[in-house]
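Computed from heavy atoms alone, side chains included, the values below leave out hydrogens, waters and symmetry copies. All residue numbers in this chain count up from 1 along the given sequence.
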Amino acid sequence: MRVIGVYNIKGGVGKTAAAINLAYLAAAGGASTLIWDLDPQAAATYYFRIKPKVKGGGKGLIHKDRDLDGIIKGTDFDRLDLLPADFSFRHMDLVLEDAKSPTKQVQKLLRPVAEEYDYVFLDCPPSISLVSENIFRAADLLLVPMIPTTLSARTLEQLLDFLESEARTSDLSVSPFFSMVDRRKRLHQDLLQRLPERFPGFLKASIPYSAEVERMGVHRMPLVAYAPSSPAAAAYRELWAEALGMLGVSSPPGEGDAGPAGYPG
């Protein structure tokens, strides 16, 4: 099982859209895939048409050793499951503070399902917190979507400084990539060139700013499922191929039958 966190300190950078589309592509390529919505706003849960409710909430997960098999829901897509969000996750930091090994609880909860899934995607809430520290511990790869702006560069620097000085996650691979790119903007064009020079490790794929991505909230499914020929879908495919390369996995096969019944994958 490979665990991929999709994370940024900032919100509104296309994090959930990336997590959903990459998880879909993993499942479409034949891999058993789980996406865990850790954000109390529950956007990923909403996109998959699932009620944002976990019995016992975050406290039940952490302190009562709930079996994830009883919480995980199937989606409309083959081989793609969801562990839904719950509004109680807004208090997750307080719950984790009272737990033994508070930065290892997500890792502990995932361990029993390791044989069931090839990939687990963690859709992470913004901010640096005990929840994010759990994600840093559990993940093999951290994908960091970034809008090409100066503020995004500042938050990436904060993240990298934190990981180096405090998180004690030397084995974690961190791969930023550009998101919501508008090449009509001169600042975007400038930073697309300058930031990879400043921060080595940038992936080549960049997700364009697109009305098709915004329509995910209308279709309530991954963009790659309803607009497979769009430029944004091509960008997500490129991003997934690069992510697999970071994990040491060969490029994925063509998309299979991960779409819902009667809908092309």
Side-chain angles (χ1 to χ4, degrees), residues 2 4 6 8 12-35 37 43-50 74-82 117-121 123 141 143-148 152 175-185 188-189 191-193 196 202-247 249-265:
R2 305 295 185 92
I4 302 164
V6 186
N8 195 307
V13 297
K15 170 184 58 63
T16 296
I20 286 173
N21 282 287
L22 296 183
Y24 172 85
L25 287 169
S32 180
T33 305
L34 172 68
I35 181 168
D37 188 354
T45 303
Y46 174 82
Y47 285 142
F48 283 115
R49 305 170 185 267
I50 292 173
T75 71
D76 293 332
F77 304 95
D78 293 338
R79 298 179 296 276
L80 180 55
D81 293 339
L82 174 81
Y117 295 102
D118 299 303
Y119 298 104
V120 175
F121 289 83
D123 184 26
L141 173 64
L143 296 176
V144 185
M146 283 185 54
I147 302 174
S152 289
S175 295
F177 66 93
F178 287 114
S179 177
M180 301 174 69
V181 174
D182 187 345
R183 294 183 182 272
R184 297 170 299 179
K185 295 182 178 180
H188 281 211
Q189 291 186 25
L191 293 180
L192 284 172
Q193 293 188 358
F202 258 89
L203 299 180
K204 293 179 180 179
S206 62
I207 310 303
Y209 179 82
S210 169
E212 288 291 357
V213 178
E214 293 181 344
R215 291 191 188 102
M216 284 177 59
V218 177
H219 293 279
R220 297 184 71 177
M221 63 173 61
L223 173 144
V224 182
Y226 65 80
S229 300
S230 66
Y236 283 123
R237 291 190 189 94
E238 182 182 354
L239 179 62
W240 179 228
E242 285 194 86
L244 286 174
M246 294 300 299
L247 293 168
V249 180
S250 59
S251 295
E255 290 166 41
D257 58 348
Y263 199 96

- Message: When you measure from the side chain of Arg237 to the backbone of Val224, do you find a donor-acceptor pair of N or O atoms at a distance under 3.5 Å?
- Response: no
- Side-chain contact, heavy-atom cut-off 4.5 Å: Asp76 with Met221? no
- Message: Using side-chain heavy atoms (C-beta onward) and a distance below 4.5 Å, is Tyr24 in contact with Thr33?
- Response: no
- Message: Taking side-chain hydrogen bond (donor to acceptor under 3.5 Å, both in side chains) as the definition, give me every residue that meets it alongside Thr16, ordered by chain and number, with sequence neighbours left out.
- Response: Asp123
- Task: Would you mind reporting whether Met216 and Leu223 have side-chain heavy atoms less than 4.5 Å apart?
- Result: yes
- Task: For the residue pair Phe177 and Ser206, establish whether any side-chain heavy-atom pair is separated by less than 4.5 Å.
- Result: no
- Task: Would you check if Arg2 and Asp118 make a side-chain contact, meaning some heavy-atom pair closer than 4.5 Å?
- Result: no
- Query: Would you find a donor on one side and an acceptor on the other, under 3.5 Å apart, between the side chain of Arg183 and the backbone of Gln189?
  - Reply: no
- Message: What I'd like to find out is whether the side chain of Ile207 reaches to under 4.5 Å of the side chain of Leu239, using heavy atoms alone.
- Response: yes
- Please round to the nearest 0.5 Å and tell me the distance separating atom CG of Asp37 and atom OG1 of Thr45. 3.5 Å
- Query: Do the side chains of Thr75 and Tyr47 get nearer than 4.5 Å, heavy atoms only?
  - Reply: no
- Centroid-centroid under 6.0 Å between Trp240 and Phe121 rings: yes
- Query: Do Ile20 and Phe48 have side chains that get closer than 4.5 Å, going by heavy atoms?
  - Reply: yes
- Task: Mark yes or no for whether Asp182, through its side chain, and Tyr209, through its backbone, hold a donor-acceptor pair below 3.5 Å.
- Result: no
- Sorted by chain and number, sequence neighbours left out, side-chain contact (heavy atoms from CB on, under 4.5 Å) with Ser175 holds for Leu141, Leu143, Leu203, Met246
- Item | Taking every non-hydrogen atom, the tightest pair across Val13 and Ser179 | O-OG, 2.7 Å
- Message: Tell me whether Glu212 contacts the main-chain N or O of Ser230 through its side chain, where contact means a donor paired with an acceptor under 3.5 Å.
- Response: no
- For residues Asp81 and Tyr117, is any side-chain donor paired with an opposing acceptor at under 3.5 Å? yes
- Message: Could you work out, with ring pair (Phe, Tyr, Trp, His ring centres under 6.0 Å) as the rule, every residue matching Phe202, not counting sequence neighbours?
- Response: Phe178
